[in-house]
Amino acid sequence: MTHDVRVRFAPSPTGHLHIGGARTAIYNWAFARRHGGTFVLRIDDTDPERSTEENTAAILRALRWLGLDWDEGPEAAGDYGPYFQTQRFDRYAAALQSLKDADAVYPCFCSAEKLAERRETARSAGGYVGYDRSCRAIPAADSAARVAAGEPRVWRVKVPEDRGDITFMDAIRGSMSFPSASMDDFVLVRTDGTPTYNFATVVDDADMAITHVVRGDDHLSNTPRQILVFEALGETIPAFAHLSMIWGADGKRLSKRHGAASVEAYRDEGYLPEALLNYLALLGWSLDDKTTVFDASTLVENFSLERVSKNPAIFDVDKLEWLNGVHIRTLSPSEFIERMLPWLEKEGLTDAADVEARRAWFEELAPLVSERIKRMDEVVDMVAFLFKDPIIMDESAREKVIMKEGAGRSLDAAVGILTHLETFDAASVEATLRAVPEQLRLKPKLVFQAVRVAVTGSTVSPPLFESIALLGKARTLARLHDAHIWATP
RNA sequence: GGCCCGUUCGUCUAGCGGCUAGGACAUCGCCCUCUCAAGGCGGAGAUCACGGGUUCGAAUCCCGUACGGGCUACCA
């Protein structure tokens, strides 16, 4: 009896797509694609207080940005919907009914306050803090009458007395075993009739024929409870795989304090989706003993739960940044231009029409820039001098370079020699300018830095001769001339 | 308190009874060089949390301990 792999990612729209959630989604997606299975996206929005449509939209957007596509779920097809838990209440009601019929649940009339009080006493006494099952002892006829009378109650599962250890095989951690005696009769349905997480999740995973539950290990201890519900429902128990957590640099839960914690925040900081995907995939999984850089298709071809590591990982922005640089450098010039454009547009430096009009010019620029940035947001500072006139010269650069002795002569010589240059390409510009230091008997470094600061406004720029060629003769000469007034001969 | 999980260079990891414990990021040095990068080469960095076992032999298997984490909610 082999059936197709069906996995799901089930975020709660209580916030944006978190880094940890993104990794869980990536692993689920990769696992589904690897096995030719189905990737289901389900929105666990049973908490009306904190769930919003904006968050749902943001999560979908972030998943798509990462390049993850789902076969079933919001804005997709699927025969197992609806894929929002708030639209599945009739399913939970039906499941509850079948549990009642099977005598697997009972109503509990204890008030939340009373329970909290009891728990507190038990805790201070150092004893068992779970529910004491007092309502389980109420005769069926009595509780039925109280339910009929409309007395507030929750529905609790009856943990079987003789259940013994609840064991299951975790695809990542191996054999897991939990004594059922340590499990209390947890709540499935609240006073207001809504299902709790451990109930809704099981009903949905069963309904949606999920074969592998791959999720964070904060749910590891919930798994035996959920297995109890699967059993009470008479449903097939899926396979489980629990991923360890991702922590911030201080070993604490990853949050805004550690910098960006959401996928879209990284997007906004200039990270490429393929780099973030690569990094996140690597944070807790390895292809082999040496492969670090790979793309989504390589991940899909090689992904396996067996190679997911058991220990928690600390999110290392430095490595992500390096990896982002690597992915930027693999972009072709035209791809790079496409990715760069939004950043330049945002600053009002250029637009799509300009790119179309000067395609060749941009193609020459692209590799000069892509080779020296790690985040896309850096393109702005790197190329602004090519788009803005006049340039704003960096003050310390002016003092340290332009006002240095010899700078004035260098600029004058450059102007003099470039004025007569007909072919203004990088090679010609270089050949021409190389003559300046020789002629003035100055160090090449001194001459070129002076020219660089005059032309780009900064001591750091793309390669000088290429930059000058891209800038063009007229603007280059004008800038050299403008800088001259500050220069020390 | 109870139940459960985890622990290899600063960080991510490889390792699944016999390795000089491998790779990557970060870091340091050198080379390249018009700046910054990129790239190349090399260095330093891990008594495999600790203590007991099992074994001819343990990072690998078993048992404790410590530390970290999760669950123990009418949150998910």
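Chain letters run A, B, ... following the sequence lines, proteins first and then strands; every chain starts at 1.
Within the nucleic acid shown, A/Val187 comes within 4.0 Å of sugar-phosphate atoms alone, with no base atom in reach, counting heavy atoms only. Among the protein residues, A/Ala313 comes within range of the sugar-phosphate backbone only, with heavy atoms under 4.0 Å from sugar or phosphate atoms but none that close to a base. Using a 4.0 Å heavy-atom criterion, one finds that A/Met176 contacts the sugar-phosphate atoms exclusively. Note on A/Pro463: a base of the nucleic acid sits closer than 4.0 angstrom, heavy atoms only. Counting non-hydrogen atoms under 4.0 angstrom, A/Thr46 reaches the backbone sugars and phosphates but no base. Base contact: A/Ser461 has a heavy atom under 4.0 Å from a base atom.
Side-chain to base pairing of A/Arg372 with B/C36: one donor and one acceptor N or O lie within less than 3.5 Å of each other. Interface remark: the A/Ser244 side chain does not form any donor-acceptor pair with the B/G6 base, using a distance-only criterion of under 3.5 Å. If you check distances only, the side chain of A/Thr196 never reaches the base of B/C74 with a donor-acceptor pair under 3.5 Å.
At whole-Å resolution of the value, NE2 in A/His242 and P in B/G70 are 15 Å apart.
Screening A/Arg8, A/Arg88, A/Arg91 against A/Asp204 for a salt bridge (Lys or Arg N to Asp or Glu O under 4.0 Å) leaves a single residue, A/Arg88.
Between the side chain of A/Arg133 and the backbone N or O of A/Asp184 there is no donor-acceptor pair closer than 3.5 Å.
Each of A/Trp285 and A/Lys290 lies near RNA chain B, and the nucleotide nearest A/Trp285 is the one positioned closer to the 5' end.
Under a cutoff of 6.0 Å and an axis angle of 45°, A/Arg156 and A/Tyr131 form a cation-pi pair.
A distance of 10.5 Å separates CG of A/Leu228 from CD of A/Gln226, quoted to the nearest 0.5 Å.
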